[in-house]
Amino acid sequence: MLASVIVNSSKQWIGQPLVYEVPASLIGEIRLGTWVRVPIGNRETDGVVVGFPQESTVQNVKVIGEVLDPELLPSPVVELLLWMSEYYLCLPGETLPLFLPPILKRRQCFWSWLGGKGREGLDPALFINPLTFEVAAYLSRRGRVTQRSLKSRWPGKELDLALQELEARGFVVREWSWGSKASKKQASSPGLEEENLRDIEQQVINLTFEQRLALKYLEIGLKQGKGNFLLHGITGSGKTEVYLRAVAAALNLGKGVIVLVPEHSLIPQMAERLKEAFGHLVVILHGDLPTGERTGVWEKLRSGEAKIVVGTRSALFAPLPELGLIVIDEEHSPTYKHEANPRYDAREVALKRGQLQGAVVVLGSATPSTEAYFLASRGQLKLLVLKQRVAGGQLPKVEIIDMREEYLQGRSGYLSVRLQEEIRTTLKRGEQVLLFLNRRGYAPHVTCRCCGYVPTCTNCAVGLTYHVDGKLRCHYCGLEKGWRGSCPRCGGSLALLGAGTQRVEAEIRTIFPEARVLRADSDSLKSPRRWREIYNLFLARQANVLIGTQTIAKGMDFPGVSLVGVINADVSLFLPDFRARERTFQLLTQVAGRAGRRSREGKVLIQTFNPQEPAIVLAARQDYESFYHLEIASRRTLRYPPFVKLARLGLMGLYEGEVISAAFSLARILKEVGTSLEVLGPAPAAIPKVRGEYRWQLTLKAPGWQELKEALEAGLGRYCCPPGIKLIKEIGPVNLW
DNA sequence: AGCACGCCGACT
DNA sequence: GTCGGCGTGCTC
């Protein structure tokens, strides 16, 4: 019997699994996901079993030495690992780390005596092997002994045979557990507080009709162990209540739950809601947890001590052996795409994991991705709709402000007269204002008035942004440059153009000196603690104006806010990305949803130079369906997802000429192999140079994943990547490159 | 990690 | 001509 094993070579996992022989003594002990000790070269290391090939082309197949843990990973999780490696074109050894904690802790193997009291009842003649009697006598005295101690007492192969004989005849049983402390048998009750569950049950009365209907579908799915759903609920419609009730239903079936949120800052509020209901069954998992903590959480989930994990996309790989439900909140968020190998999409992986483990998958959003809504229209996701706002909250009044007119009237600031008026009256009423701007820093464009010189980053070939501390910064690599105010080329004066969060903050402080202003962007939020501080200050009304970027657009619930201003709705609209309009629509809809979440009527002002743009007009009307129909028509016409499957091949290197010629020769090969493959490019990447490396790209279109993969395999098989060039393979790219 | 192989520069 | 620097790649 053979096993393929992902082997650890020092700190790295070898990409391609290696084939070993399973010794007769370990057959039955080894399955998918077993952690084993194996020989490699002239030494030993550990590895994870990921398959059982029939044959091997390798001559000197070595033999697996020892089982370190029979079930490090649940089998379906190993299947998921292999599927991901194939789907995203990477090696299993690259995928494995996603599924493992930073420190692998070994469980101990124990042998427990079952066969009656003392050695009196034991007859040496009962056993074939003479050692067996001795071992039996020893075990019957001690009751429970680690394998390690038996090995030290009886070194050599004989012991294994003795234990095998005892196990086969039911005298002893093998157990795996942590440490040497006496077995703490508690696996019976999941530890769920009955009272809390009852609370949850009672809350069903307070659900709206739509929420109850959605829940009903989810419960049916949970009972059947299958079903994929798109929960389309406008902001404030109570998606979270539906999630909570579905979680309770999954727990009642003895199953675990994974809840994903798009970013860090959103974990606490989701976790708090879940902890209120399910207490210590809830754990948090994300990339920035300290190593030890991450390992602890991972163990709790694996052992069943914890059953609900809340986290960012990496929490999708939590080792839950019994999985009932996966929730992906704010499903449309681009953060669900991983930007390193393996370049997976958490939404796709969640659907696959659900299928492999018999779990229900719920994608939730107020503004679903075009792809998800399309799947729903095809019946591949069951659409659940929440159109009503709960607790009498009203949709805000949205007003679009045409900034072209402002400028025609000779105004030069970044706050329109109308927005200033509204800020003034809002502050007078003692209410709060949220200002949204997608750019940090002070001025994103710096240009010489005389010769047109633009200070750029030497590493990244992008323009530098001026910051209030008097420095020019690159927003890609963080490079800082001093500022002299004059052009280094002609000595002319440099103009500061465009507005970032700092500039808007300055403008607010000038116009409203009495306002208490807070700024929330990645400059002011260096640490998650700082974000928490700002959040709490604003919530406690210690400030009345909050200016921010992305982070404040998502999920934040400030009851005191009655005015939301979008400074420049156009920034994201004209990016060279087929999803630019969708992003703009989503962003504006989410931002608008921040106003008037409670009973107070809210107002939203959107400043734009494109007041007719459908993404803006329809966001203002909170009209998702109309936007979707426009968008899906455009995707069909232009042949973009979901009508085709995309891939991106990125080439990086220190010398531009080499990168370009590599890109062209790769393109030529792909054009030759492609029957159903459409090759776009080569073209320089959107950011053509990052951290000193030049980047070119090819975009590939195919009818589906299968065709894409076949063409890529054929093409890349014939392509020899020159030294000094890095090739990045990405299936289903989501972000600009 | 270890170990082989391999391709350049300094030596006998 | 050979010896040996350590960069790169392989380990079933």
Side-chain angles (χ1 to χ4, degrees), chain A residues 1-73 75 77-79 81-86 89-106 157 160 291 295 340-342 649-655 658-659 661-662 665-666 691-694 713 716-729:
Chain A
M1 181 180 172
L2 300 173
S4 56
V5 180
I6 301 179
V7 170
N8 195 294
S9 184
S10 83
K11 239 195 94 59
Q12 285 259 305
W13 295 95
I14 294 177
Q16 206 63 59
L18 306 181
V19 176
Y20 288 86
E21 197 185 316
V22 181
S25 61
L26 292 180
I27 292 176
E29 187 75 14
I30 288 179
R31 40 201 150 158
L32 283 185
T34 298
W35 191 20
V36 291
R37 189 124 188 107
V38 290
I40 183 163
N42 55 0
R43 68 219 134 88
E44 277 210 326
T45 184
D46 60 318
V48 181
V49 174
V50 295
F52 300 102
Q54 293 298 311
E55 50 188 7
S56 165
T57 51
V58 178
Q59 304 85 325
N60 62 327
V61 175
K62 294 187 184 173
V63 185
I64 293 177
E66 185 193 352
V67 169
L68 299 177
D69 190 321
E71 195 164 17
L72 184 71
L73 295 174
S75 301
V77 164
V78 174
E79 288 178 59
L81 184 162
L82 296 174
W83 175 85
M84 279 179 71
S85 308
E86 194 196 353
L89 308 179
C90 62
L91 300 167
E94 291 180 286
T95 311
L96 180 63
L98 295 176
F99 291 85
L100 295 180
I103 308 157
L104 279 177
K105 285 201 222 146
R106 216 185 134 156
K157 271 252 164 216
D160 290 335
T291 359
T295 305
N341 269 349
L649 295 174
L651 294 120
M652 299 171 67
L654 287 168
Y655 306 101
E658 289 181 5
V659 176
S661 75
S665 65
L666 179 54
R691 278 177 271 271
E693 287 194 299
Y694 292 91
E713 268 178 355
L716 294 174
R718 288 172 45 195
Y719 176 72
C720 184
C721 194
I725 300 285
K726 269 177 279 180
L727 175 66
I728 290 159
K729 296 172 270 182

Undergrad: Tell me: CG of A:Asp46 to P of B:dA1, nearest whole Å?
TA: 14 Å
Undergrad: For nucleotides 10-12 of chain C, list the nitrogen or oxygen atoms of the protein found under 3.5 Å from its nitrogen or oxygen atoms, one pair per line.
TA:
unit_1 : atom_1 : unit_2  : atom_2 : d
C:dT11 : O2     : A:Arg43 : NH2    : 3.2
C:dC12 : OP1    : A:Gly41 : N      : 3.4
C:dC12 : OP2    : A:Lys62 : NZ     : 2.8
C:dC12 : O3'    : A:Val19 : O      : 2.9
C:dC12 : O3'    : A:Lys62 : N      : 2.4
C:dC12 : O2     : A:Val19 : N      : 2.5

Undergrad: Would you indicate whether the side-chain heavy atoms of A:Trp35 and A:Arg106 approach each other to under 4.5 Å?
TA: yes
Undergrad: Among A:Leu96, A:Leu98, A:Leu91, which one satisfies side chain to side chain contact (heavy atoms under 4.5 Å, CB included) with A:Glu94?
TA: A:Leu91
Undergrad: Quick one: salt bridge (charged side-chain N to carboxylate O under 4.0 Å, His left out) pairs with a partner in residues 41-59 of chain A, sequence neighbours left out?
TA: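 As it turns out, the salt bridge (charged side-chain N to carboxylate O under 4.0 Å, His left out) pairs with a partner in residues 41-59 of chain A, which skip direct neighbours, are A:Arg37-A:Glu44.
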Undergrad: Does the side chain of A:Ile30 reach to within under 4.5 Å of the side chain of A:Val49, using non-hydrogen atoms?
TA: yes
Undergrad: Check whether any side-chain N or O of A:Lys729 sits under 3.5 Å from a backbone N or O of A:Asn341 as a donor-acceptor pair, and report yes or no.
TA: no
